[in-house]
Engineer: 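Encoded as structure tokens, here's the structure I'll be asking about.
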Amino acid sequence: MARIAFIGLGNMGLPMARNLTAAGHEVSGFDVSTAAMAAFRAAGGAAAGGAAECLAGAEAVVAMLPEGRHVREVFGGTVIPNAPAGALLVDCSTIDVDSARAVAAQAEAAGFDMVDAPVSGGVGGAEAGTLTFMVGGSAGAFARARPVLEGMGRTIVHTGAAGTGQVAKICNNMILGSTMAVVCESFAMGEKLGVDPQTLFDIVSTSSGQCWAITTYCPVPGPVATAPSSRDYRPGFTAAMMAKDLRLAQGAARSAGQNARVGALASAMFDEFLGEDGAAELDCSAIYRKIAADRGA
Ligand code: NAD
């Protein structure tokens, strides 16, 4: 069992830190938000007085931060200069590939093993300890990270060199965003032409159009009782996060020299949806309401 510094105790980080403690690790937590620190303390966590205190004696540092700039700032500005020699660095945030690679190179130059280990499974998976981790880094760093990640997840996959965890994550989410948009269009079109959404669901969920955006996250209220659409689009996975990941995917496509036109269209659709009042905080499947109302030219 290890002494772990956990930085970023938000919607995902708090339950992940809690599961590491439950797995027997000694976890010290830090977040710039006083509300997040209060929630961590209320959950029985050992709240550090600052980032430096959090890092003291750490054998592993795990971060769950919003975006690439936070990861550059936290790892580049605080963790790499101050973490104990030999500590394993693990970034679980979903960020751009370039930031992930830049921070990993900085860590390597300072003698640290580091992995990018973004997750899929959302807040529910974080709470249940069933996350999937996509892990980029050397074989040695992956071997060291596995026992830490096992405290928070069920499926742990080594994707290759530093940054490839982020690549796998945004490929997945480009598929999710694109299929969600076209599922919304199909259900809206079907209903306008006289096919009841439940009937369409029964057919498509067992036909070649079947996908996660239908069987787990059906955007039309009713057919899937546990989907966000059936609880007034409370997230789940917010539209803001979907839009962020689709933008990251476009950036990655550009840097790879790969045209990703379907992903680009989905990205533009979610960005447009975010312009509506309150949309950012709704589940991403709430884009169904906008698409269904869109009559075209
Ligand atoms: P969140 O905003 O709830 O939590 C992020 C936390 O980081 C906040 O509490 C914030 O105060 C803290 N933070 C920001 N800058 C900091 C700094 N300099 N030092 C310390 N703490 C700092 O976000 P979240 O939902 O927990 O998501 C975190 C990451 O996980 C994101 O990259 C997101 O894309 C990814 N993700 C989220 C989900 C989901 O369903 N929520 C699913 C998969 C992946």
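For this chain, numbers begin at 1 and follow the sequence in order. This is a predicted model, so every value here is computed, not measured. In each ligand, atom 1 is the first atom listed, and ligand 1 is the first ligand listed.
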Engineer: Pick whichever of Pro66, Cys284, Ala240 has a heavy atom sitting closest to atom 5 (C) of ligand 1.
Structural biologist: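 Nearest option to atom 5 (C) of ligand 1, by heavy atoms: Pro66.
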Engineer: Checking contacts here: is it the side chain or the backbone of Ile95 that comes within 4.0 Å of ligand 1, counting heavy atoms only? Could be both or neither.
Structural biologist: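 Answer for Ile95: neither.
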Engineer: Give the contacting part of Thr94 toward ligand 1: side chain, backbone, both or neither, where contact means a heavy-atom distance below 4.0 Å.
Structural biologist: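 Answer for Thr94: both.
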Engineer: Before accepting this row, confirm whether a basic side-chain N of the pair Asp116/Lys169 lies closer than 4.0 Å to the acidic partner's carboxylate O.
Structural biologist: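 No, no charged N to carboxylate O under 4.0 Å.
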Engineer: Out of Arg69, Met37, Met64, Met241, indicate the one that has the non-hydrogen atom closest to atom 25 (O) of ligand 1.
Structural biologist: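 Residue with the shortest heavy-atom distance to the ligand atom: Met241.
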Engineer: Counting non-hydrogen protein atoms only, what is the nearest one to atom 26 (O) of ligand 1? Give residue, atom name and distance.
Structural biologist: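 Checked against all protein heavy atoms, atom 26 (O) of ligand 1 sits closest to Met12 N, 2.9 Å.
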Engineer: Between Arg144 and Asp113, which heavy-atom pair has the shortest distance, and what is it?
Structural biologist: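 Here Arg144 and Asp113 meet closest at NH1-OD2, 3.1 Å.
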Engineer: Which ligand 1 atoms, with their elements, are less than 4.0 angstrom from a heavy-atom of Gly122?
Structural biologist: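 Selected atoms, number and element: 40 (O), 42 (C).
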Engineer: Rounded to the nearest 0.5 Å, what's the gap from OH on Tyr288 to CZ on Phe273? Could you check?
Structural biologist: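 Atom-to-atom, Tyr288:OH and Phe273:CZ are 13.0 Å apart.
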Engineer: Taking the side chain as every heavy atom from C-beta outward, state whether Val182 and Phe187 have any pair of such atoms under 4.5 Å apart.
Structural biologist: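 A side-chain contact under 4.5 Å is absent here.
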Engineer: Taking only heavy atoms of Gly10, which atoms of ligand 1 are found under 4.0 Å from at least one of them?
Structural biologist: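 What qualifies from ligand 1 is 3 (O), 4 (O), 6 (C), 9 (O), 26 (O).
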Engineer: In the protein, what heavy atom is nearest to atom 3 (O) of ligand 1, and what distance, to one decimal place, separates them?
Structural biologist: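 The closest heavy atom on the protein side is Asn11 N, 2.9 Å.
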Engineer: Give the atoms of ligand 1, by number and element, whose distance to some non-hydrogen atom of Val74 is under 4.0 Å.
Structural biologist: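 Taking each heavy atom of Val74 in turn, ligand 1 has 17 (C), 18 (N), 19 (N) under 4.0 Å.
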Engineer: Nearest heavy atom to atom 28 (C) of ligand 1: which of Ile7, Leu65, Asp31 does it belong to?
Structural biologist: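 The option holding the nearest heavy atom is Leu65.
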Engineer: What protein heavy atom lies closest to atom 19 (N) of ligand 1? Include the residue and the distance to one decimal.
Structural biologist: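 Looking at atom 19 (N) of ligand 1, the protein heavy atom closest to it is Val32 CG1, 3.6 Å.
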Engineer: If you round to the nearest 0.5 Å, how far is CG of Leu246 from CE of Met269?
Structural biologist: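 One gets 10.5 Å once the value is rounded to the nearest 0.5 Å.
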Engineer: When you measure from atom 34 (O) of ligand 1 to each heavy atom in Lys169, Lys244, Met16, Glu67, which option holds the nearest one?
Structural biologist: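 Heavy atom nearest to atom 34 (O) of ligand 1 belongs to Lys244.
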Engineer: I need the atoms of ligand 1 closer than 4.0 Å to a non-hydrogen atom of Glu73, numbered in the order shown.
Structural biologist: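 Reading through ligand 1 atom by atom, the close ones are 18 (N).
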Engineer: Is any NZ, NE, NH1 or NH2 atom of the basic residue among Arg69 and Glu73 found under 4.0 Å from an Asp or Glu carboxylate oxygen of the other?
Structural biologist: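 A salt bridge is absent here (no side-chain N lies under 4.0 Å from a carboxylate O).
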Engineer: Would you mind running through ligand 1 and noting each atom that sits below 4.0 Å from a heavy atom of His70?
Structural biologist: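 Near His70, meaning under 4.0 Å from one of its heavy atoms, ligand 1 has 15 (N).
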Engineer: Go through the side-chain N and O atoms of Ser99 and Arg72 and say whether any donor and acceptor fall under 3.5 Å apart.
Structural biologist: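 Looking only at side-chain atoms, Arg72 and Ser99 do form a donor-acceptor pair, the distance falling under 3.5 Å.
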Engineer: Cut-off 3.5 Å, side chains only: do Asp202 and Thr199 have a donor facing an acceptor?
Structural biologist: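 Not at all, the side chains of Asp202 and Thr199 share no donor-acceptor pair under 3.5 Å.
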Engineer: Drop me the distance from Thr21's OG1 to Met16's CE, to the nearest 0.5 angstrom.
Structural biologist: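 Taking OG1 in Thr21 and CE in Met16, the distance rounds to 12.0 Å.
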Engineer: Answer yes or no: are there more than 12 heavy-atom neighbours, outside Arg154 itself, under 6.0 Å from its atom CZ?
Structural biologist: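 No, the 6.0 Å shell around CZ holds no more than 12 heavy atoms from other groups.
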Engineer: At a 4.0 Å threshold, what atoms of ligand 1 neighbour a non-hydrogen atom of Phe237?
Structural biologist: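 Here the atoms of ligand 1 in question are 40 (O).
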